[in-house]
Amino acid sequence: TYTFSCSGLANYIFDGIISERNYFVQNQDFLNLVGNMYDGIVRNIYGVSGDEFIVISNNQLGDLTLRQGDVKRLLIENITYFGIDPTATPTSQKTTPTFEDGFNSHRLVRISYTKSFVVDDIVIKDCNATNSKLHAQIVISKLPYSGGVFPAVYDGDGYIGKVTIDNVN
């Protein structure tokens, strides 16, 4: 699940967004950029989520045509991610968390691909997620379901092309 999901956009900018209340739901990504996404900028975003903060994928939910396609030329910069507190309840958390609150983040960015679509020319820079409970803040892989439960939906010769990562903590 996700707080905000989009597909089929070109020349888009997401700038100056705060995600404050997204940590009460486990497996709740904040921003999903899925299929047919070109020439985008995602910057100056601050907040929490119950799972990955930003997800980039060329296919989601298998059979929805709009949510399938290449994702190319995306800049992600100046992101501050606090993650989740696995013991959180609606009354135990502040509205605006800080690093001092001891949040345990999941992943800052997940990039995945399936089918015959491409994810290419992605730049991730000047991002911070220092309280991570996981070893990797950025995960780049074929969608885990490929060849498994839904092989006819997810298998193909897609790939991830150039990804540049600079100054990610």
To the nearest 0.5 Å, tell me how far [X] [atom1] sits from [Y] [atom2].
{"X": "Asn32", "Y": "Arg110", "atom1": "CG", "atom2": "CZ", "answer": "7.0 Å"}
{"X": "Phe117", "Y": "Ile160", "atom1": "CZ", "atom2": "CD1", "answer": "14.5 Å"}
{"X": "Asp29", "Y": "Phe53", "atom1": "CG", "atom2": "CZ", "answer": "10.5 Å"}
{"X": "Asn58", "Y": "Asp70", "atom1": "CG", "atom2": "CG", "answer": "7.0 Å"}
{"X": "Ser19", "Y": "Tyr46", "atom1": "OG", "atom2": "OH", "answer": "10.5 Å"}
{"X": "Leu108", "Y": "Ile76", "atom1": "CG", "atom2": "CD1", "answer": "8.0 Å"}

Task: For the student: nearest non-hydrogen atoms of Ser7 and Gly35, plus distance - done: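 Shortest heavy-atom contact: CB-O, 3.3 Å.
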
Task: Atom of Arg107, atom of Tyr81 and distance for their closest heavy-atom approach - done: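 So the two residues come closest at O-CE2, 3.4 Å.
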
Task: Tyr159 atom OH, over 12 foreign heavy atoms within 6.0 Å - done: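 Not more than 12 within 6.0 Å, no.
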
Do [X] and [Y] sit in one hydrophobic cluster, given that two such residues count as connected whenever their side-chain heavy atoms are within less than 4.5 Å of each other, even indirectly?
{"X": "Ile45", "Y": "Ile165", "answer": "yes"}
{"X": "Ile41", "Y": "Ile138", "answer": "no"}
{"X": "Val123", "Y": "Ile54", "answer": "no"}
{"X": "Tyr113", "Y": "Tyr38", "answer": "no"}

Side chains of [X] and [Y]: closer than 4.5 Å at any heavy-atom pair?
{"X": "Tyr12", "Y": "Leu74", "result": "yes"}
{"X": "Val139", "Y": "Glu52", "result": "no"}
{"X": "Val42", "Y": "Leu33", "result": "yes"}
{"X": "Lys72", "Y": "Val118", "result": "yes"}
{"X": "Val168", "Y": "Cys127", "result": "yes"}
{"X": "Leu75", "Y": "Lys125", "result": "yes"}

Task: Step-by-step side chain to side chain contact (heavy atoms under 4.5 Å, CB included) determination, Asn167 to Asn169 - done: CA-CA 6 Å; Asn167 193 30; Asn169 297 309; 4.0 Å; yes

- [ ] Kindly state whether the ring of Phe14 and the ring of Phe4 have centres lying under 6.0 angstrom apart.
- [x] yes

Task: Side-chain donor-acceptor pair present, Asn44, Asn78, cut-off under 3.5 Å - done: yes

Task: Side-chain ion pair, Arg73 and Asp39, N-O less than 4.0 Å - done: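 Looking at Asp39 together with Arg73, the answer is yes, because their closest N to O distance falls below 4.0 Å.
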
Task: Stepwise side chain to side chain contact (heavy atoms under 4.5 Å, CB included) check, Asp120 with Lys162 - done: CA-CA 5 Å; Asp120 192 24; Lys162 181 180 177 184; 3.7 Å; yes

Open item on the list: Apply side chain to side chain contact (heavy atoms under 4.5 Å, CB included) to residues Ile13 and Arg43 and explain how you reach the verdict.
Closed with: CA-CA 8 Å; Ile13 298 174; Arg43 66 178 171 218; 4.3 Å; yes

TODO: Identify the residue among Ile56, Val119, Ile111 that makes a side chain to side chain contact (heavy atoms under 4.5 Å, CB included) with Val163.
DONE: Ile111

